[in-house]
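To start, the structure under review is shown below, and the notes come after it.
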Amino acid sequence: MEEREPTLSIGDNNLELPMVPALQGYSGIDVSTLRGSQGVVTYDPGFANTASAQSAITYVDGAAGTLTHRGYAIEELANSCSFLEVAYLLLFGNLPNKMELEQWQDSMKRHSLLNEELKRFFNAFPKRAHPMAILSSATNAISTFYEEYHDPHDEDAIVESAQRLLAKMPTIAAWSYKKSTGFPYIYPQNNLTYVENFLHMMFALPTEEYHVDPVITKALNVLLILHADHGQNCSTATVRFVGSSQANLFASVAAGMNALWGPLHGGANQKVIEMLSDIVNDPTATTESYIARAKDKNDSFRLMGFGHRVYTNYDPRARILKKFADDVLDRVKGDDPLLKVAEELEQAALSDEYFASRNLYPNVDFYSGIIFRALGFPIRMFTVLFAIGRLPGWIANWKEMNEDPATRIARPRQVYIGETSRQFVPLHQR
Ligand code: ACO
């Protein structure tokens, strides 16, 4: 039977609205003609019910708690792939064959150096600068070296700028950390893989040999894959929003990084560790008192690492990370009191009516910080690690948007509720 178009009734007017069918999940109702034909706009704070794009990259089934990239389950990708393979998959739609992967890895090595001029840029920040601020600033700054790749509709330029951004991100990220320590910047080495190179630039010193630990490399590879993309989240939507004005890739991604930094988004991984440390370090604090605070509507505190706009079930990335946290701690660090507190908090929240009735489960940030900590990363670098992981998702979405003929500059409407028609009073009479 043919499916009927939905009808919207406003007063006596019945308006048929076209459907935008989904292959999985919710289909969309195209409301783009509503204002012109009916004189009304849709109102949807936080875009909770608004699809801003048709996308073929990532599918999140929030009710089932599943995540796929280009049709592949996240569990399988995390188990079997390198981060660069997943980046290639997100960008180009298919997993690379052996030759494509080799070329892709080579291009990452070829472009990993930063222009020496940029060293002065890193030096200009105060030592206490948060590395996320340096990361987004440096990402924007490298656009100045590649103006020839700014055209978002030039296919070659898109690939050239994507390769440079991906290749340079570990260098930028590691240098943003070196800046805060005062230790010398370490240059990339072409005999190392992408993840090894990042670890080397983060932790090596010019004065001694540094061997990258394979256990840490493997763990970080999985963590980066788990962060690689997640549909139209706040930072990805920001990248698309900025990119819709035909801003170049570097500028669009820098904007996405700033969106990621917020504590309700990627900044939550730092906040989770601060919360768990507060509980461990304060003898009067208990998991119960933190749960009570999170439920108290007069307290702005939220249980960090809990809840998600899309998942009404356990976040599959958090499920993988919870198990992974045990393995990694066993292998590199031994016990961490924060893991025990995290498990107690999770248990208490999941059996509490407040969290159960609102479908609030741990999200990706709840356990990732514990693992980043076990791998030796300082807490202020956690959101930077998230950004390195999310970079392929941002680029893939920016690329998809620019290839989509339906793309228009993002320009939402508003429902105006301010003053109307006031009498102007000159300054000397106010
Ligand atoms: N602690 C306590 N209550 C919460 C939490 C939480 N972590 N999350 C949601 N709630 C409550 C809200 O108070 C609200 O209750 P109400 O219905 O009584 O008003 C209800 O659950 C729905 O929450 P919203 O804020 O409307 O959900 P929204 O989809 O807008 O926000 C968000 C999602 C931002 C992730 C939210 O759950 C949150 O603030 N979590 C903590 C921060 C965090 O972990 N962020 C990382 C998210 S994952 C990521 O970005 C990578």
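Only a predicted model underlies this, so the values are computations on that prediction, with no experimental measurement involved. Just follow the structure's listing: the first ligand is 1, and inside any ligand the first atom is 1.
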#### Entry: From the candidates His227, Arg302, Lys297, the one that places a heavy atom nearest atom 23 (O) of ligand 1
Arg302

#### Entry: For Gly305, the ligand 1 atoms whose distance to one of its heavy atoms is below 4.0 Å
43 (C), 44 (O)

### Message
Is it the case that the side chains of Gln232 and Arg240 hold a donor-acceptor pair, with the cut-off being a distance below 3.5 Å and no angle test?
### Response
yes

### Query
Is a donor on one side and an acceptor on the other found under 3.5 Å between the side chain of Arg373 and the backbone of Gly369?
no

### Message
Between Lys295 and Tyr354 (side chain of the first, backbone of the second, donor and acceptor by atom type, cut-off under 3.5 Å), is there such a pair?
### Response
no

### Query
Does any non-hydrogen side-chain atom of Leu260 lie less than 4.5 Å from one of Thr238?
no

### Query
N/O of Asn363 under 3.5 Å from N/O of ligand 1, yes or no?
yes

### Query
Looking only at non-hydrogen atoms, which of Asn359, Thr383, Leu360, Asn269 approaches atom 4 (C) of ligand 1 most closely?
Leu360

### Query
Backbone, side chain, both or neither: what part of Phe386 comes under 4.0 angstrom of ligand 1, heavy atoms only?
side chain

### Query
Can a non-hydrogen atom of Tyr354 be found less than 4.0 Å from any atom of ligand 1?
yes

### Query
So, are Asp106 and Arg110 salt-bridged, with charged N and O less than 4.0 Å apart?
no

### Message
Please list, in number order, the atoms of ligand 1 under 4.0 Å from a heavy atom of Val364.
### Response
51 (C)

### Contacting atoms of ligand 1, where contact means under 4.0 angstrom from a heavy atom of Met304
42 (C), 44 (O)

### Task
Output the distance between atom CZ (Phe324) and atom NZ (Lys218), rounded to the nearest 0.5 Å.
7.0 Å

### Task
Take the angle between the ring planes of Phe250 and Tyr146 and call it parallel below 30°, perpendicular above 60°, tilted in between.
parallel

### Message
Parallel, tilted or perpendicular: which one describes the rings of Phe92 and Trp104, with boundaries at 30° and 60°?
### Response
perpendicular

### Query
Of the protein's non-hydrogen atoms, which lies at the shortest distance from atom 1 (N) of ligand 1, and what is that distance?
Leu303 N, 3.1 Å

### Task
Show which atoms of ligand 1 fall inside a sub-4.0 Å distance from at least one heavy-atom site of Ala268.
43 (C), 44 (O), 45 (N), 46 (C)

### Task
Answer yes or no for atom 13 (O) of ligand 1: protein heavy atom present at a distance under 4.0 Å?
yes

### Task
Look at the aromatic rings of Tyr361 and Tyr314 and report parallel, tilted or perpendicular, splitting at 30° and 60°.
tilted

### Summary
Nearest non-hydrogen protein atom to atom 45 (N) of ligand 1, with distance, is Leu264 O, 2.9 Å

### Query
So which heavy atom in the protein is nearest atom 50 (O) of ligand 1, and how far is it from that ligand atom?
His265 ND1, 2.7 Å

### Query
Should you measure from each heavy atom of Arg358, which atoms of ligand 1 turn up under 4.0 Å away?
11 (C), 15 (O), 16 (P), 17 (O), 18 (O), 20 (C), 21 (O)

#### Entry: Nearest candidate to atom 40 (N) of ligand 1, where distance is taken over non-hydrogen atoms, out of Tyr290, Phe306, Phe301
Phe306

### Query
Among Cys234, Ser368, Ala294, Gly307, which residue places a heavy atom closest to atom 37 (O) of ligand 1?
Gly307

## Note on the structure
For Arg309, the atoms of ligand 1 under 4.0 Å from one of its heavy atoms are 28 (P), 29 (O), 30 (O), 33 (C)

### Task
Check for a donor-acceptor pair, side chain of Thr68 on one end and backbone N or O of Ala73 on the other, with a separation under 3.5 Å.
no

### Query
In terms of ring plane angle, is the pair Tyr311 and His230 parallel, tilted or perpendicular, where the classes change at 30° and 60°?
tilted

### Those atoms of ligand 1 less than 4.0 Å from some heavy atom in Asp365
46 (C), 48 (S), 49 (C), 51 (C)

